[in-house]
A.B. asks: 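Quick one: the structure is below, and I'll ask about it shortly.
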Amino acid sequence: MDSGRWRRGAVSRGMLPLLALHAVNEYYRLPWKPPVTAGLLASNTLIYLRPSFLDSLLPFVDEVWFNPHLILKNKDMKRFFLSVFYHVDESHLVYNMMSLLWKGIQLETSMGSTEFASMVVALLGLSQGITLLLAKSLLVFFDYRRPYYSEYAVGFSGLLFAMKVILNSHSENFTNVHGLIVPARYAAWAELILIQMFVPRVSFLGHLGGILAGILYLKLKGSYSGPNPLTTIIRELTSLLRWPVRFIRNTFRLRRRRILGQGTVGGGERRSLSGTWRCQACTYDNSDWLSNCEMCGTSQSSESGGFSRQVSRHSRDLSLEELRRRRVERFG
């Protein structure tokens, strides 16, 4: 998270094309393209760019700053949930998205898209809630109003700290954190301290809340043996959204099969589809545009306005199993 004043109309320093090039290169070399990570990258970038077709739909950053005082006073859930998707400038966005690209690909590839999406939703709620609780506690017990309770912050880095905790939770290796070699499982804590030392305007509570959210998520997941309810909900929603796509795809495939004449082999019922003819040798449905059977090569000829099939002796001698094998070899 980054805190401070929002600079309107910031001039692009050419970092976004580099981010796009890096993301395309990473996804191009992957055999499986993680869709949730790509969606998070796209949503954060589009919110920052504010294209004209989204400008009227997106709230301005002044309406979504994460401010504990305003959230608790006005019960403002918009600030609570949307502040993570806003960034103060181009370097803030690109740094966070580079980190998301690396962590997201690894986590989503190992967990699966549904589990990864449910984890992101859980971490969002946990990190924002813990940050809010920390700010309120500092106000109540230490009267820290100005530094934390009235602070304005936005950015995805709280979730990135939580992801770092989860990614390195079982690692026994060492890693380089800004030139400092530390055990990978403590990398998030080292980065929290170093970033605060060199970039003091960042939100310390936001990053700390992310680390604690990652630890709490691991504890809850380890103590709960049943199915993740968030995963179940996301899986059901995904299946509902995929139904229209499957329906259109199946409709298109059926139409394509009729056009190409890809039919069935076997069965004694003399049933023909519109625009096709059935080979008497192998019972394969062929398009009327074809003069020879695609399966066994038997020719079709027109006699007295009707169709008669000339069946070769070779095709009659083929067994049904052999015909099926040839069809599999032909169509993969």
Side-chain angles (χ1 to χ4, degrees), residues 1 19 22-45 81-82 84-85 95-131 155-175 177 182-192 206-243 245-246:
M1 280 190 176
L19 171 63
H22 182 64
V24 169
N25 180 60
E26 286 292 317
Y27 268 76
Y28 177 76
R29 66 182 183 84
L30 292 173
W32 178 72
K33 324 297 182 187
V36 178
T37 300
L40 290 172
L41 288 168
S43 60
N44 278 271
T45 305
F81 288 109
L82 296 184
V84 297
F85 300 103
Y95 181 84
N96 280 351
M97 293 303 101
M98 287 286 195
S99 180
L100 172 62
L101 182 65
W102 184 75
K103 295 180 178 70
I105 286 176
Q106 293 189 75
L107 287 170
E108 188 173 356
T109 302
S110 61
M111 300 169 68
S113 296
T114 305
E115 186 72 24
F116 178 71
S118 70
M119 183 199 73
V120 171
V121 173
L123 291 179
L124 191 156
L126 287 173
S127 63
Q128 298 290 79
I130 291 173
T131 303
F156 207 80
S157 51
L159 267 72
L160 294 174
F161 270 90
M163 289 183 186
K164 182 185 282 287
V165 170
I166 295 169
L167 190 61
N168 296 327
S169 59
H170 300 295
S171 176
E172 300 295 336
N173 299 324
F174 286 79
T175 187
V177 180
V182 297
R185 63 176 60 188
Y186 302 120
W189 293 103
E191 189 171 358
L192 171 70
H207 294 171
L208 178 60
I211 293 176
L212 297 178
I215 295 173
L216 181 59
Y217 178 84
L218 289 172
K219 295 289 185 183
L220 292 174
K221 189 176 180 181
S223 61
Y224 182 66
S225 58
N228 188 333
L230 275 176
T231 303
T232 304
I233 292 172
I234 292 174
R235 186 178 291 115
E236 292 298 325
L237 289 175
T238 304
S239 64
L240 286 175
L241 292 174
R242 285 178 178 173
W243 182 85
V245 178
R246 286 199 303 266

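Just so it is clear, the values below take in all heavy atoms, side chains as well, and ignore hydrogens, waters and symmetry mates. Numbering starts at 1 and runs along the sequence shown.
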A.B. asks: Provide the closest heavy-atom pair for L218 versus S169 in the form atom of the first, atom of the second, distance.
C.D. replies: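 Heavy atoms only, the tightest pair is CD1-CB, 3.5 Å.
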
A.B. asks: Would N44 and N96 satisfy side-chain contact (heavy atoms from CB on, under 4.5 Å), going step by step from the backbone distance to the final call?
C.D. replies: CA-CA 10 Å; N44 278 271; N96 280 351; over 6 Å; no

A.B. asks: After noting the C-alpha distance and the side-chain angles of F156 and M97, does the key distance pass the side-chain contact (heavy atoms from CB on, under 4.5 Å) rule?
C.D. replies: CA-CA 8 Å; F156 207 80; M97 293 303 101; 4.3 Å; yes

A.B. asks: Can you tell me how far OH of Y186 sits from OG of S171, rounded to the nearest 0.5 angstrom?
C.D. replies: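 Those atoms lie 11.5 Å apart.
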
A.B. asks: Taking only residues two or more places apart in sequence or in another chain, which ones pass side chain to side chain donor-acceptor pair (under 3.5 Å) with Q106?
C.D. replies: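 Here no residue qualifies.
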
A.B. asks: Using the side chain to side chain contact (heavy atoms under 4.5 Å, CB included) criterion, which residues pair with Y27? Sequence neighbours excluded.
C.D. replies: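 Per chain and number, Y27 pairs via side chain to side chain contact (heavy atoms under 4.5 Å, CB included) with K33, P34, T37, A38, L101, I105.
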
A.B. asks: Go through the structure and list residues passing ring pair (Phe, Tyr, Trp, His ring centres under 6.0 Å) with F161, not counting sequence neighbours.
C.D. replies: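 For F161, the residues satisfying ring pair (Phe, Tyr, Trp, His ring centres under 6.0 Å) (neighbours in sequence not counted) are H207.
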
A.B. asks: Throw together a table of side-chain donor-acceptor distances under 3.5 angstrom for residues 123-130, partners on residues two or more places apart or in other chains.
C.D. replies:
residue : atom : partner : partner atom : Å
S127    : OG   : L123    : O            : 2.8
S127    : OG   : L124    : O            : 3.3
Q128    : NE2  : F80     : O            : 2.6
Q128    : NE2  : S83     : OG           : 3.0

A.B. asks: Could I get the full list of side chain to side chain donor-acceptor pair (under 3.5 Å) partners for S113, not counting sequence neighbours?
C.D. replies: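 Residues passing side chain to side chain donor-acceptor pair (under 3.5 Å) with S113: E108.
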
A.B. asks: Taking only residues two or more places apart in sequence, or in another chain, which ones meet K221 in a salt bridge (Lys or Arg N to Asp or Glu O under 4.0 Å)?
C.D. replies: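 Listed in chain order: E115.
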
A.B. asks: Which pairs, with at least one residue in residues 210-220 and sequence neighbours excluded, count as a salt bridge (charged side-chain N to carboxylate O under 4.0 Å, His left out)?
C.D. replies: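 For residues 210-220: none.
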
A.B. asks: List the residues meeting side chain to side chain donor-acceptor pair (under 3.5 Å) with T45, not counting sequence neighbours, and say none if there are none.
C.D. replies: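 T45 satisfies side chain to side chain donor-acceptor pair (under 3.5 Å) with no other residue.
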
A.B. asks: Would you indicate whether the side-chain heavy atoms of W189 and I211 approach each other to under 4.5 Å?
C.D. replies: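 Heavy-atom side-chain distance check passes, below 4.5 Å.
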
A.B. asks: With sequence neighbours left out, write down each residue that passes side chain to side chain donor-acceptor pair (under 3.5 Å) with T175, or none if nothing qualifies.
C.D. replies: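 For T175 there are no side chain to side chain donor-acceptor pair (under 3.5 Å) partners, ignoring immediate neighbours.
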
A.B. asks: Which heavy-atom pair separates N168 from A187 by the least distance, and what is that distance?
C.D. replies: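 Nearest pair, atom of N168 first, then A187: ND2-CB, 4.1 Å.
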
A.B. asks: Go through the steps to decide whether F174 and V182 satisfy the test side-chain contact (heavy atoms from CB on, under 4.5 Å), and finish with yes or no.
C.D. replies: CA-CA 5 Å; F174 286 79; V182 297; 5.8 Å; no

A.B. asks: Sequence neighbours left out, what passes side chain to side chain contact (heavy atoms under 4.5 Å, CB included) with L107? Give chain and number order.
C.D. replies: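 Expected list: M111, F116, M119, M163, I166, L167.
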
A.B. asks: Applying salt bridge (charged side-chain N to carboxylate O under 4.0 Å, His left out), which residue pairs with at least one partner in residues 159-175 are found, sequence neighbours left out?
C.D. replies: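 Residue pairs passing salt bridge (charged side-chain N to carboxylate O under 4.0 Å, His left out), neighbours aside: K164-E191, E172-R185.
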
